[in-house]
Number of protein chains: 2
Amino acid sequence: MPPRSRHSPAEALALDTYVKLMRASESVTARAHTVLPADLTFTQFAALEALYHRGPLFQSELASKLLKSGGNLTLVVDNLERDGFVTRERDSHDRRFIRVALTTKGHKLIATVFPRLATSLANEFAALTPAEQTELARLCKKLGLGSPSPAAAPAP
Amino acid sequence: MPPRSRHSPAEALALDTYVKLMRASESVTARAHTVLPADLTFTQFAALEALYHRGPLFQSELASKLLKSGGNLTLVVDNLERDGFVTRERDSHDRRFIRVALTTKGHKLIATVFPRLATSLANEFAALTPAEQTELARLCKKLGLGSPSPAAAPAP
DNA sequence: GCACATTATTTCAACATTGAACCATCATGC
DNA sequence: GCATGATGGTTCAATGTTGAAATAATGTGC
């Protein structure tokens with residue numbers, strides 16, 4: 001016997017919306033990703049993009065922008081450094097910090113690749129009208145901020 | 001000099017919407033995930049959930065449901081089998097196929113954990129009204145299907 | 001100045017993920 | 001039957017990912 005769905009209407013609606021949200025983000029990402037060079041991973045792209053649009057950053061800043069762990073960034077920056085796209089430099093005032101900056105090669109790469117991704121994303125989102133995109137952005141922002149529900153509140 | 005944004009309005013809107021879409025899906029997933037047992041990964045949960053709601057599946061079916069590669073599923077099922085949550089059984093008619101099924105232990109786990117996730121998701125989506133959730137689901141579905149743009153069409 | 005906590009990074013084990021190479025099994029055409 | 005090709009699964013190398021432990025540098029209280 002298959003388990004009969006015993007969800008409240010609120011749960012059923014949330015589940016359905018969640019599945020569609022995940023499918024949309026995964027498939028748009030997958031399709032847009034195809035315009036990137038095959039040997040550039042999405043995380044590497046995201047790191048280069050952050051450095052491109054914000055200038056040199058500390059590894060910890062990069063980690064929080066990308067919502068990734070510190071240990072992860074160590075590896076990602078390792079690989080980008082090995083491939084000559086970024087440089088590491090210890091901060092002279094506080095030598096715990098490491099400043100990551102684009103090399104000329106890295107700057108050239110992201111300056112070439114980013115516009116391609118922008119075009120590709122615009123193409124994907126052309127499935128929606130501008131008004132629909134604006135509404136989607138608004139709903140996602142509201143959702144991403146989180147509900148001020150008591151169940152989600154951490155103990156003070 | 002920071003690169004001046006040289007995007008068309010369509011690209012700027014798509015980029016903004018995309019970032020919010022990704023942030024929303026990532027943060028909702030991260031917050032909802034906290035109700036799962038710490039030693040159960042999200043992919044393992046997703047696999048158990050598929051088996052729970054659809055019954056035994058071939059590994060290839062599981063891979064396509066979860067949008068993951070075949071090689072990946074081999075490892076995920078390995079780990080689930082090692083922990084006693086699923087069993088593998090060769091199909092007697094076509095011995096290339098492997099049928100994956102929940103054990104009693106696996107069934108008990110997902111039957112306990114899934115309602116917790118449903119409640120948690122309902123809590124997250126309470127940030128939106130039911131009408132907003134319905135609209136979000138509609139927009140995500142439309143977006144996930146992809147636009148019938150000529151640029152996305154593969155060569156016949 | 002010294003113990004102590006704090007912070008940034010690294011290291012490590014475990015798992016996820018992909019894509020390619022490989023193996024086993026089946027189906028087809030001869 | 002047997003070559004051939006297609007299909008499902010496994011294996012492998014490389015990268016991503018986390019969380020915890022370890023390092024290193026800084027700041028604080030005394």
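Throughout, protein chains are lettered first and strands after them, A, B, ... in sequence-line order, and every chain is numbered starting at 1.
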_Between P on dA27(C) and CG on D94(B), what's the gap in Å once rounded to a whole number?_
6 Å
*For the pair Q133(A) (side chain) and L128(A) (backbone), establish whether a donor and an acceptor sit closer than 3.5 Å, ignoring hydrogens and angles.*
yes
*Taking it one step at a time, do R82(A) and D78(A) satisfy salt bridge (charged side-chain N to carboxylate O under 4.0 Å, His left out)?*
CA-CA 6 Å; R82(A) 177 203 58 195; D78(A) 278 353; over 6 Å; no
*Would you say S69(B) reaches dT17(C)'s phosphate, i.e. side-chain N/O to OP1/OP2 under 4.0 Å?*
no
*Look at the rings of F45(B) and F114(B) and say which category their plane angle falls in: under 30° parallel, 30 to 60° tilted, over 60° perpendicular.*
parallel
*How close do V35(B) and R116(B) get, heavy atom to heavy atom, and via which atoms?*
O-NE, 3.4 Å
*asked:* Please confirm whether the shortest side-chain N or O distance from T41(A) to OP1 or OP2 of dG16(D) is below 4.0 Å.
replied: yes
*Judged by atom type as modelled, is there a donor-acceptor pair below 3.5 Å linking the side chain of T34(A) to the main-chain atoms of R31(A)?*
yes
*Kindly point out which of dA16(C), dT10(D), dT25(C) is positioned nearest to the side chain of Q44(B)?*
dA16(C)
_With rounding to the nearest 0.5 angstrom, report the CG to CZ distance, L136(A) to F125(A)._
6.5 Å
*What's the CG-P distance between L62(B) and dT10(D), to the nearest Å?*
12 Å
*asked:* Working note: R54(A) + E61(A), criterion salt bridge (charged side-chain N to carboxylate O under 4.0 Å, His left out); need CA distance, chi angles, decisive distance, verdict.
replied: CA-CA 11 Å; R54(A) 299 168 186 269; E61(A) 292 178 303; over 6 Å; no
*Please state how far atom CG in D39(B) lies from atom P in dC15(C), giving the value in whole angstrom units.*
10 Å
*Any donor-acceptor pair under 3.5 Å between the side chain of R96(A) and the base of dT9(C)?*
no
*What nucleotide among dG16(D), dG9(D), dA8(C) has an atom nearest to a side-chain atom of I98(B)?*
dG9(D)
*Could you give the NE2-to-C1' distance, from H33(B) to dT18(D), as a whole number of Å?*
10 Å
*Within the distance-only criterion (no hydrogens, no angle test), does the side chain of D83(A) pair as donor or acceptor with the backbone N or O of F85(A) below 3.5 angstrom?*
no
*Select base, sugar-phosphate, or nothing to describe what L67(A) touches, counting heavy atoms under 4.0 Å on all strands.*
sugar-phosphate
*asked:* Between S60(B) and dT7(D), is there a contact of a side-chain N or O with OP1 or OP2 at under 4.0 Å?
replied: no
*Who else is in the cluster with V19(B) when I, L, V, M, F, W and Y are joined by side-chain contacts under 4.5 Å?*
none
*Is the shortest side-chain N/O distance from R95(B) to OP1 or OP2 of dT25(C) below 4.0 Å?*
yes
*Quickly work out the F58(B) CZ to dT7(D) C1' distance and round it to whole Å.*
13 Å
*Could you check how far NZ of K65(A) sits from C1' of dA8(C), rounded to whole Å?*
17 Å
_Could you tell me how far apart Q59(B) (CD) and dC23(C) (C1') are, to the nearest whole angstrom?_
15 Å
*Identify, between R90(A) and E61(B), the residue whose nearest nucleotide on DNA chain D lies closer to the 5' end.*
E61(B)
*Whole-Å distance between dC15(C) P and K68(B) NZ?*
16 Å
_Sub-4.0 Å heavy-atom contacts from residues 20-29 of chain A onto DNA chain D, ordered by number_ = none
*Could you tell me whether the side chain of E89(A) and the main chain of R99(A) form a donor-acceptor pair under 3.5 Å?*
no
*What parts of residues 70-89 of chain A reach DNA chain D, counting only heavy atoms under 4.0 Å away?*
G71(A), N72(A), L75(A), N79(A), R82(A)
*Which of these nucleotides, dA8(C), dT26(D), dC26(C), is closest to any side-chain atom of F97(A)?*
dA8(C)
